[in-house]
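Just so we're clear, the structure is a prediction, and the values are computed from it rather than from any experiment. Remember, it's 1-based here, ligands and their atoms both numbered in the order they're listed.
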Amino acid sequence: MSITLNDTRGGSAQPGGEEILAIRGGRPLSGRVSVKGAKNLVTKAMVAALLGETTSVLRDVPNISDVAVVRSLLEVHGVHVSEGDEPGSLVMDPSEVESAHMEEIDAYAGSSRIPILFCGPLLHRLGQAFIPDLGGCRIGDRPIDFHLDALRKFGAVVEKLPSGIRLSAPQGLKGANIHLPYPSVGATEQVLLTAVRASGTTELKNAAIEPEIMDLIGVLQKMGAIISYEPNRVIVIEGVDELRGYDHRAIFDRNEAASWAAAALATDGEIFVEGARQQDMLTFLNAVRRMNGDFDIREDGILFRRGGELRPVTVETDVHPGFMTDWQQPLIVAMTQAEGESIVHETVYENRFGFTDALNKMGANIVVHPHGLQDGPRRVPRRQLEQAAVINGKTALHGADIVVPDLRGGYSHVIAALTAEGESTVRNIGIIRRGYERLLEKLTDLGADFDVVG
Ligand code: EPU
């Protein structure tokens with residue numbers, strides 16, 4: 001495998017975004033796809049490699065452009081990155097970490113959200129850090145206030161510059177008591193990556209507990225960190241003076257697994273997702289079953305298909321162990337094929353239904369309520385952010401000319417085009433490569449009928 005910067009086309013905001021597909025839909029997707037390491041763990045574990053004194057090996061790394069961006073940022077800081085002894089493995093040698101020039105780092109401005117996680121490790125290694133403006137999907141404001149507040153509690157001095165932020169830690173970093181206003185995935189990772197080498201103990205309350213975070217804790221423990229996970233979203237980290245490298249096989253990508261499952265339901269196909277594991281997908285599998293989707297749990301993966309006519313369902317996105325916000329977009333395509341009214345309450349991001357415009361253009365009947373539906377309490381009430389989508393099915397979808405807006409919305413556009421009768425032109429396909437490895441090859445393996453036309 002080669003993970004190269006070419007995949008990011010120079011670190012542009014939407015890597016390789018311009019690719020266009022002509023998709024002829026209306027036939028089931030069937031066959032086998034395999035999912036590798038989770039994008040949302042792999043990129044963080046790569047940052048963790050910076051904290052070690054010795055070489056780290058990460059296995060099952062997907063060839064996606066987010067990985068290429070993080071690889072390049074590690075290299076800019078003097079980490080030597082090479083392919084390992086098996087396909088999909090990366091070897092990261094941090095023994096010559098050095099300060100990078102601001103211009104070199106700035107080349108990656110707008111390319112990903114992961115650079116914000118370099119703060120703690122760079123402060124430990126170099127005493128300073130420059131973080132470029134962040135990228136990632138445009139699905140809401142995506143502020144970094146929780147990150148910066150936490151870093152300040154550790155003793156970091158944060159200076160906002162026109163093109164990013166500069167951090168220093170004149171007194172070193174010290175353990176802190178941090179209570180997150182919301183169980184943010186990124187802010188929890190920020191605290192973990194900073195606390196493991198801060199002096200003293202850090203107590204983090206209201207932490208995110210996604211399986212990818214538990215896997216990151218596993219990586220850090222292999223490196224020599226002391227981290228205990230306590231009841232009620234509390235994580236306690238005892239800082240240590242030195243960490244070593246790790247050898248770790250990344251947890252599978254449950255978001256990609258759920259995406260292929262939704263594709264099977266939407267197109268009335270049968271897809272075996274090799275590498276998917278039941279335990280990390282229990283909430284998703286319940287939604288599939290309520291929709292009259294069927295699944296067969298096997299030792300090496302999960303087979304997804306319909307169990308008969310699809311039924312409507314109501315889901316509410318939430319932090320783990322709730323229904324992930326990244327699952328709703330592909331599943332909404334399947335909901336357009338269920339007879340009756342489905343509802344999706346989005347409570348994590350404030351702007352994550354933009355992709356439904358294209359589905360409506362293709363014949364779906366989806367009404368977005370930008371301020372949510374006031375119909376009962378949510379598990380984590382965030383009324384100021386909440387929106388709802390009401391999907392009335394079953395609607396026949398037809399081909400259309402559509403533009404991919406973001407990663408998960410874009411994947412759902414492709415699945416909608418494959419569900420629709422007739423030909424669709426889907427633009428900006430490259431955005432989907434940020435998180436879906438070998439997308440076109442996998443679609444071909446599943447019998448999709450398409451051409452790359454631009
Ligand atoms: N938030 C703040 N302030 C902060 C940080 C977060 O207000 O400082 C808010 C966000 O605006 C959002 C909520 O908290 O409303 C949750 O954000 P979180 O920090 O949990 O998300 P993230 O770390 O930026 C990761 C994934 C997302 C995934 C979310 C939720 C990565 C690189 N990204 O984002 O994945 O949706 O957690 O699970 O891990 C994707 O894969 O397509 C994707 C967007």
Side-chain angles (χ1 to χ4, degrees), residues 14-15 35 37-47 62 64-67 69-70 111-119 131 134-153 158 165 178-193 206-216 233 250-251 253-259 280 283-284 317-330 346-352 354-355 380-387 404-412 431-437:
Q14 299 297 351
V35 290
K39 164 177 93 67
N40 292 348
L41 172 277
V42 163
T43 44
K44 299 30 174 325
M46 289 172 73
V47 179
I64 53 177
S65 49
D66 263 16
V67 166
V69 169
V70 179
S111 56
S112 161
R113 296 194 64 71
I114 310 300
I116 190 69
L117 297 178
F118 278 69
C119 294
I131 309 298
L134 302 179
C137 291
R138 297 183 191 110
I139 49 184
D141 271 355
R142 307 195 80 179
I144 52 168
D145 50 337
F146 304 164
H147 295 251
L148 299 185
D149 289 350
L151 286 161
R152 287 191 186 101
K153 287 205 163 146
V158 181
I165 51 172
I178 296 166
H179 189 142
L180 292 178
Y182 178 77
S184 150
V185 169
T188 298
E189 293 159 342
Q190 182 75 262
V191 171
L192 287 169
L193 291 165
N206 207 21
I209 53 167
E210 268 65 8
E212 294 79 15
I213 287 179
M214 293 300 137
D215 209 34
L216 181 63
R233 295 188 177 277
I251 185 175
D253 197 315
R254 64 202 173 103
N255 292 341
E256 184 179 355
S259 301
D280 300 308
T283 307
F284 178 80
T317 68
D318 200 352
V319 293
H320 188 75
F323 187 94
M324 271 209 81
T325 166
D326 302 279
W327 295 338
Q328 52 99 341
Q329 305 81 353
E346 171 61 54
T347 76
V348 179
Y349 290 109
E350 67 273 32
N351 183 17
R352 224 176 177 182
F355 73 97
V380 180
R382 297 179 94 204
R383 289 287 192 210
Q384 75 282 14
L385 283 187
E386 195 176 317
Q387 323 128 71
V404 163
D406 61 62
L407 176 63
R408 307 290 169 199
Y411 179 92
S412 82
I431 291 178
I432 309 175
R433 289 188 194 280
R434 274 194 44 226
Y436 291 87
E437 182 187 47

Of Thr347, Thr317, Asp326, which is the lone residue that meets side-chain hydrogen bond (donor to acceptor under 3.5 Å, both in side chains) with Arg352? Asp326
Heavy-atom nearest option to atom 28 (C) of ligand 1, drawn from Asp326, Leu407, Asn255: Asp326
Touching ligand 1 at all, Arg352? Heavy atoms, strictly under 4.0 Å? yes
Set of residues satisfying ring pair (Phe, Tyr, Trp, His ring centres under 6.0 Å) with respect to Phe284, sequence neighbours excluded: Trp327
Is any side-chain N of the basic residue among Lys39 and Glu256 closer than 4.0 Å to the acidic one's carboxylate O? no
Hey, which atoms in ligand 1 end up nearer than 4.0 Å to a heavy atom of Ile144? 8 (O)
Met324 heavy atoms, cut-off 4.0 Å: which ligand 1 atoms fall inside? 38 (O)
So is Gly435 in contact with ligand 1, going by heavy-atom distances below 4.0 Å? no
Pair listing, salt bridge (Lys or Arg N to Asp or Glu O under 4.0 Å) test, anchored in residues 180-189, at least two apart: Lys44-Glu189
So between Ala38, Gly410, Gly186, whose heavy atom ends up nearest atom 23 (O) of ligand 1? Gly186
Distance-minimising heavy-atom pair for Ile251 and Pro211: CD1-CB, 3.7 Å
So is Lys44 touching ligand 1 or not, going by heavy atoms under 4.0 Å? yes
Just to check, does Ile114 reach to within less than 4.0 Å of ligand 1 when the distance is taken from its heavy atoms? yes
Looking only at distances, please establish whether an N/O atom of ligand 1 is found under 3.5 Å from an N/O atom of Glu350. no
Checking the N or O distance criterion of under 3.5 Å, is ligand 1 in contact with Tyr182? no
For Thr325, the ligand 1 atoms whose distance to one of its heavy atoms is below 4.0 Å: 30 (C), 36 (O)
From the candidates Val185, Thr317, Asp318, Asn351, the one that places a heavy atom nearest atom 37 (O) of ligand 1: Val185
Using only atom types and a distance under 3.5 Å, with no angle test, would you say the side chain of Asn206 pairs donor to acceptor with the backbone of Leu180? yes
Hey, looking at atom 19 (O) of ligand 1, which of Pro183, Ser184, Ala208 has the closest heavy atom? Ser184
